[in-house]
Enquirer: 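Quick one: this structure, given as structure tokens, is what I'll be asking you about.
Below, read A as the first sequence line, B as the second, and so on, with proteins coming before strands; counting in each chain starts at 1.
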Amino acid sequence: MNVRVQTADFDVAQELARLRGGDTGVGAIASFIGTVRDVNESAPIDGMTLEHYPGMTEASLAEIVAEARARFDIRDALVIHRVGALAPGDQIVLVAVTSAHRGMAFDACRYVMDLLKTRAPFWKKERTPAGDRWVEARESDAEAAQRW
Amino acid sequence: MNVRVQTADFDVAQELARLRGGDTGVGAIASFIGTVRDVNESAPIDGMTLEHYPGMTEASLAEIVAEARARFDIRDALVIHRVGALAPGDQIVLVAVTSAHRGMAFDACRYVMDLLKTRAPFWKKERTPAGDRWVEARESDAEAAQRW
Amino acid sequence: MTNVPASIVTTTVRLVYLARLREAFASAGESLVLTSDDSPSVRNVVAALRSRGGAWAAELADGRAVRYAVNHCVAHPGSAVKDGDEVAVFPPVTGG
Amino acid sequence: MTNVPASIVTTTVRLVYLARLREAFASAGESLVLTSDDSPSVRNVVAALRSRGGAWAAELADGRAVRYAVNHCVAHPGSAVKDGDEVAVFPPVTGG
């Protein structure tokens, strides 16, 4: 299963090894990890809670991966997104793509992240010294998704 | 030391953790791993030997990383390149970049790989059933580097 | 010509509210019965909610960024809804 | 005006051959003494090697893809070389 939503952390080396499996046709692995920062819009962050929409989340991620497979010449792709309470420094998301050559791996990895950011139903609620606040969507994310 | 040339394999999870260190200003980690394929230009590959030019290799990689730092708003960057005998499936190179947001991390990671491919003094010699052969430089790599 | 009265159709949808809207509405979801003489759409759902006033009218006002899904697929105000559909109402996503 | 004879300068460089060229030349490197009445460049080094004929002339012929470095920095045929420099001659790189 190449799309996972989980509260548990992940080990990127293990996940990449599993993704490649025994496929020695793979020459390139591009990956992206999103992590919790301790600051956002100049305000300190104590942590955050990731909420999602069970059912739609998995469908949405699977659809994005299927689109990436159709659009780019890749061997395989993986998305892991965590939900629940996270602390600064914690890993949030892993997107990894294998392909024969690096161009397609980079493109597909970025494509999946850009679409995930605007289409996958996750919401971040930050804990700050001034109280909790829902993170606002960034216009730059909409623009990144529209470039494709 | 964020540029390493070594015969030993590397663990990507460990390397990324070391790269991030305690920097909770990091929100994005883009990474790329190149691996040995079992086929190249339709011919089966039993393995390869990576030769390099000691001294220039490290200087060249450090220069590429410095250029990436100057050009992109990133927190840190790492390059590990293996040399010596490698088998199909083996990891060859790791490029990893940390930044606050994903755009710069993706750009800088790809930039380092594109420049490494055309400037860093490494040469691959493939072992094939028909004998050993030096890998020829690919025109697409020169084009990728020129896009920047 | 004779005017034939349109048949009155009721459509029951399951509503799901998420993230900031779940908190603003103080509800994770509910069942909503639409009464309409036409094919109902997400727009009819939103209109029914807005008519409640208060947080409903404020959060779903024109110009507010609200997203919709019907049966887990991204939807738009014009998307059709039919009996038994799950209609989700949520703010722009902020994962990753 | 009187013609003043130019002084004859010798420049000794350390040559490094890598990868396919190391094999073609059956050598990992050598010392080369350039005798020149002008500021020598990589071009003079290449000319001296080509004049040996055989693999040297073939591998370093015009139109062959050959790369150079002087003291570990990417260089070009016009790059100056001075006494004590390390000049590397190698094929286009293929790492990564």
Enquirer: Where on Arg22(C) is there a heavy atom nearer than 4.5 Å to chain A: the side chain, the backbone, both, or neither?
Expert: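 For Arg22(C), the contact with chain A is made by the side chain alone.
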Enquirer: Which atom names give the shortest non-hydrogen contact between His72(C) and Met56(A), and what distance separates them?
Expert: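 Closest pair (atom of His72(C), atom of Met56(A), distance): O-CG, 3.2 Å.
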Enquirer: Identify whether the distance between the nearest side-chain nitrogen and carboxylate oxygen of Glu51(A) and Arg20(C) falls below 4.0 Å.
Expert: no
Enquirer: Answer with side chain, backbone, both or neither: which region of Ser60(A) has an atom nearer than 4.5 Å to a non-hydrogen atom of chain C?
Expert: neither
Enquirer: Evaluate Lys125(A) against Glu23(C) for side chain to side chain contact (heavy atoms under 4.5 Å, CB included), listing each step before the verdict.
Expert: CA-CA 12 Å; Lys125(A) 189 179 196 177; Glu23(C) 292 185 350; 2.3 Å; yes
Enquirer: Quick check for you: among Met113(A), Glu136(A), His52(A), Lys117(A), which has the greatest number of heavy-atom pairs under 4.5 Å with chain C?
Expert: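 Option with the top pair count is Lys117(A).
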Enquirer: Is there side-chain contact between Val93(C) and Phe122(A), with heavy atoms separated by less than 4.5 Å?
Expert: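 No, every pair of side-chain atoms sits at 4.5 Å or beyond.
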Enquirer: For Gly96(C) and Lys124(A), which heavy atoms make the closest approach, and how far apart are they?
Expert: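 Minimum heavy-atom separation between Gly96(C) and Lys124(A): C-NZ, 3.6 Å.
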Enquirer: Does any N or O in the side chain of His81(A) come within less than 3.5 Å of the main-chain N or O of Gly95(C), such that one atom is a donor and the other an acceptor?
Expert: no
Enquirer: Which heavy-atom pair separates Ala19(C) from Trp123(A) by the least distance, and what is that distance?
Expert: CB-CG, 3.4 Å
